[in-house]
Amino acid sequence: MIEHPGPEPSRPFRAWIRSSPGTHIWLLIIAITSIIVVIAPDRVDHVLLHRNSSSIHQLVEHPVRALLSSAFWIENPASLALYAVLFELFQAPVERWLGTLRWLVVVATAHIVATLVSQKVLLMAIEDHRAPRSMTHVVDIGVSYGIAAAVGVLTYRLPSPWRWLYLAGAVVFFGLPLLTGGTFTDLGHAIALCVGLLAWPLTRRVPPGGTTHVSRET
């Protein structure tokens, strides 16, 4: 587990970033790709999103690239501020608590599992003529799957009874769309939440105050 340096009172912003480097590197890459989409010529943004999507077509043709690249793009650059808030509320606390390595295992597993299962379900719907064949090229960007996983694993950070209220809220938020005719993306979110909840063993033997810090000699 990667240990992060202790806080630096004189440099709070730098200390905040260094306490969850993976979260902020990920967010920086998303910001860069969002800028690329904004400044790209007409229709180039459309090509970029489809090329970096984890759609059925891309998973068949370029499975590794599709799974990796889809984690670093968002379909609507105007949502970047919202994603930044969600990363600070859920991703950063989980990374500080579990450490960068365990956090990465949780969100990467959720991204891969949620993508593959939801796209498999979509493929079955296409083959059964319950969805149009054009859906094989639908844009599927998986940043939100990592957030859903972080929401799930953060359940174990909270004390009772708040833990159960938080869990109930998360289940309703991600589960209700499935009960009201949700899309394959809604299914992916629910799966990612379950991956986060199933990551309970990774929360064992984590110090109560969070990740152990490296001491420095003065």
Side-chain angles (χ1 to χ4, degrees), residues 22-23 26-27 29-30 33-34 37 48-77 79-80 82-87 89-91 94-95 103-128 130-155 166-200 202:
T23 294
W26 190 3
L27 190 57
I29 296 174
I30 294 171
T33 58
S34 296
V37 170
L48 285 172
L49 290 175
H50 276 270
R51 181 178 176 81
N52 292 284
S53 169
S54 52
S55 63
I56 295 173
H57 174 76
Q58 291 295 334
L59 286 172
V60 171
E61 296 293 328
H62 311 284
V64 176
R65 189 192 72 188
L67 287 172
L68 180 62
S69 63
S70 63
F72 298 103
W73 297 75
I74 56 177
E75 191 168 2
N76 183 6
S79 302
L80 179 60
L82 174 60
Y83 278 103
V85 171
L86 294 175
F87 267 53
L89 287 177
F90 299 106
Q91 299 283 26
V94 172
E95 184 180 1
W103 162 80
L104 183 58
V105 168
V106 173
V107 296
T109 300
H111 172 69
I112 293 171
V113 172
T115 298
L116 294 179
V117 174
S118 62
Q119 290 297 324
K120 177 62 176 178
V121 171
L122 176 59
L123 178 60
M124 293 171 61
I126 293 172
E127 292 174 341
D128 292 341
R130 291 181 287 109
R133 188 157 294 276
S134 60
M135 291 292 286
T136 58
H137 295 274
V138 70
V139 173
D140 182 27
I141 304 297
V143 173
S144 56
Y145 294 159
I147 295 175
V151 170
V153 75
L154 199 58
T155 301
Y166 172 88
L167 177 60
V171 170
V172 169
F173 183 83
F174 290 108
L176 189 59
L178 291 179
L179 300 177
T180 56
T183 65
F184 71 92
T185 303
D186 295 321
L187 174 62
H189 289 151
I191 292 170
L193 176 68
C194 292
V195 171
L197 293 172
L198 291 173
W200 172 76
L202 293 179

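Numbers for residues simply follow the sequence, beginning at 1.
Residues L116 and L67 form a side-chain contact, since some pair of their non-hydrogen atoms from C-beta on lies under 4.5 Å apart. Contact of the W73 side chain with the V139 side chain is not registered, since no non-hydrogen atoms from C-beta on lie closer than 4.5 Å. Contact of the L59 side chain with the T115 side chain is registered, since non-hydrogen atoms from C-beta on lie closer than 4.5 Å. Side-chain contact between V153 and V107 is absent, with no heavy-atom pair separated by less than 4.5 Å. For the pair F173 and L193, the minimum side-chain heavy-atom distance is 4.5 Å or more. Side-chain atoms of V151 and Y166, non-hydrogen and from C-beta on, do get closer than 4.5 Å to each other. Here the side chains of H111 and S70 are in contact, with some heavy-atom distance below 4.5 Å.
Summarising the geometry, atom CD1 belonging to I126 is positioned 8.0 Å from atom CD belonging to Q119; distances are rounded to the nearest 0.5 Å. Within the model, atoms CG of L80 and CG of L27 stand 6.5 Å from one another, a figure rounded to the nearest 0.5 Å. Residue I191 holds its CD1 atom at 6.0 Å from OG of S118, rounded to the nearest 0.5 Å. Here N52 contributes atom CG and T33 contributes atom OG1; the two are 8.5 Å apart, rounded to the nearest 0.5 Å. Note that CG of L49 and CD1 of I74 are 9.5 Å apart. Values are rounded to the nearest 0.5 Å. To the nearest 0.5 Å, the span separating CG on L82 from CG on N76 amounts to 10.0 Å.
Between Y145 and H189, the two ring planes are perpendicular [angle over 60°; tilted spans 30° to 60°].
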L197/L167 under side chain to side chain contact (heavy atoms under 4.5 Å, CB included): CA gap, chis, key distance, verdict: CA-CA 9 Å; L197 293 172; L167 177 60; 3.8 Å; yes

Trace of the side chain to side chain contact (heavy atoms under 4.5 Å, CB included) decision for Y83 with I30: CA-CA 9 Å; Y83 278 103; I30 294 171; 5.6 Å; no

Worked check of side chain to side chain contact (heavy atoms under 4.5 Å, CB included) between M135 and I56: CA-CA 8 Å; M135 291 292 286; I56 295 173; over 6 Å; no

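Taking all atoms of both residues into account, the shortest heavy-atom contact from I147 to F90 is CG2-CD1, 4.4 Å. In terms of heavy atoms, V37 sits closest to P77 at CG1-CG, 3.7 Å. Counting all heavy atoms, side chain and backbone alike, L202 lies closest to V106 at CD1-CG2, 3.6 Å. Across all their heavy atoms, A192 and A148 have their closest contact at CB-CB, 3.8 Å. Heavy atoms only, all atoms of each residue included: A190 and F174 are closest at CB-O, 4.1 Å. Contact detail for V94 and L154: the closest heavy-atom pair is CG2-CD1, 3.7 Å.
Counting non-hydrogen atoms of other residues, nucleotides and ligands closer than 6.0 Å to CZ of R65 gives a total above 12.
Looking at S55 and H50, their side chains never bring a donor and an acceptor atom within 3.5 Å of each other.
Panel note: side chain W26, backbone V143; no donor-acceptor pair is recorded below 3.5 Å.
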